[in-house]
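Reviewing the structure listed below.
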Amino acid sequence: MPRVDKNFKTEVLELVLRIPRGRVMTYGQIAALCGAAWAAWEVGQIAHYGDPTIPWQRVVNKKGDLAKGYPGGASAHQHELEQEGIEVINNKVDIERLLWFPAKKNH
DNA sequence: CGTGTGACGCGAG
DNA sequence: CCTCGCGCCACAC
């Protein structure tokens, strides 16, 4: 299983944990906020191989598409999102409306 | 060390 | 709407 830079990984995990219920963030946005705008792939790898206690359902790609590799498939991902009140249309979320930006962080 | 791949992003056609 | 290519990275082979 792929490993990722521990520091980057930690930042990603903490950031994802800060996503409020009912909101989402994109891989690219997360990567950028963690100081690696080009490492959207890394975020995906962390999601797949990283800590399973992280609410990865709140992480989607820039188009609002659901995670292709989500355990149980995109349908499971959609179900998780809908449980939080996130409306999923055509396997996508209203990224424009639900995207969350960290107000500020003491990091 | 070259090549392929991946829960990505974006531009070009 | 679609595919294709390139970008960055880490990792498996």
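Within every chain, numbering begins at 1; the chains are lettered A, B, ... in the order of the sequence lines, protein sequences first and strands thereafter. Both backbone and side-chain heavy atoms feed into the values below; hydrogens, waters and symmetry mates do not.
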Presence of A:Lys63 side-chain N/O under 4.0 Å of B:dG9 phosphate oxygens OP1/OP2: no
Residue [X], side-chain atoms from C-beta onward, closest of [options]:
{"X": "A:Ala40", "options": "B:dG9, C:dC9, B:dA7", "answer": "B:dG9"}
{"X": "A:Tyr27", "options": "C:dC9, B:dG6, B:dC8", "answer": "B:dC8"}
{"X": "A:Glu42", "options": "B:dA7, C:dA10, C:dC8", "answer": "C:dA10"}
{"X": "A:Lys68", "options": "C:dC9, B:dA7, B:dG9", "answer": "B:dA7"}

Whole Å only: how far is the [atom1] atom of [X] from the [atom2] atom of [N]?
{"X": "A:Arg58", "N": "B:dA7", "atom1": "CZ", "atom2": "P", "result": "22 Å"}
{"X": "A:Ile30", "N": "C:dC8", "atom1": "CD1", "atom2": "P", "result": "22 Å"}
{"X": "A:Lys62", "N": "B:dG11", "atom1": "NZ", "atom2": "C1'", "result": "13 Å"}
{"X": "A:Trp38", "N": "B:dG6", "atom1": "CH2", "atom2": "P", "result": "23 Å"}
{"X": "A:Met25", "N": "B:dA7", "atom1": "CE", "atom2": "C1'", "result": "16 Å"}
{"X": "A:Gln29", "N": "B:dC10", "atom1": "CD", "atom2": "C1'", "result": "16 Å"}
{"X": "A:Trp41", "N": "C:dC8", "atom1": "CH2", "atom2": "P", "result": "15 Å"}

Would you find a donor on one side and an acceptor on the other, under 3.5 Å apart, between the side chain of A:Glu11 and the backbone of A:Leu33? no
Taking any heavy-atom pair under 4.0 Å as a contact, classify A:Ala39: base, sugar-phosphate, or nothing. nothing
A:Leu98 and side-chain contact (heavy atoms from CB on, under 4.5 Å): which partner among A:Val24, A:Leu81, A:Val60? A:Val24
Is A:Tyr70 stacked against the base of B:dA7, taking the criterion as centroid distance under 5.5 angstrom and interplanar angle under 30°? no
Please check if any side-chain donor atom of A:Gln57 sits under 3.5 Å from a side-chain acceptor atom of A:Gln83, or the reverse. no
Taking C:dC4 as the reference, what is the distance to B:dG4 when you measure between their P atoms (whole Å, please)? 16 Å
In this structure, would A:Ile89 and A:Ile86 fall into the same cluster of hydrophobic residues linked by side-chain contacts under 4.5 Å? no
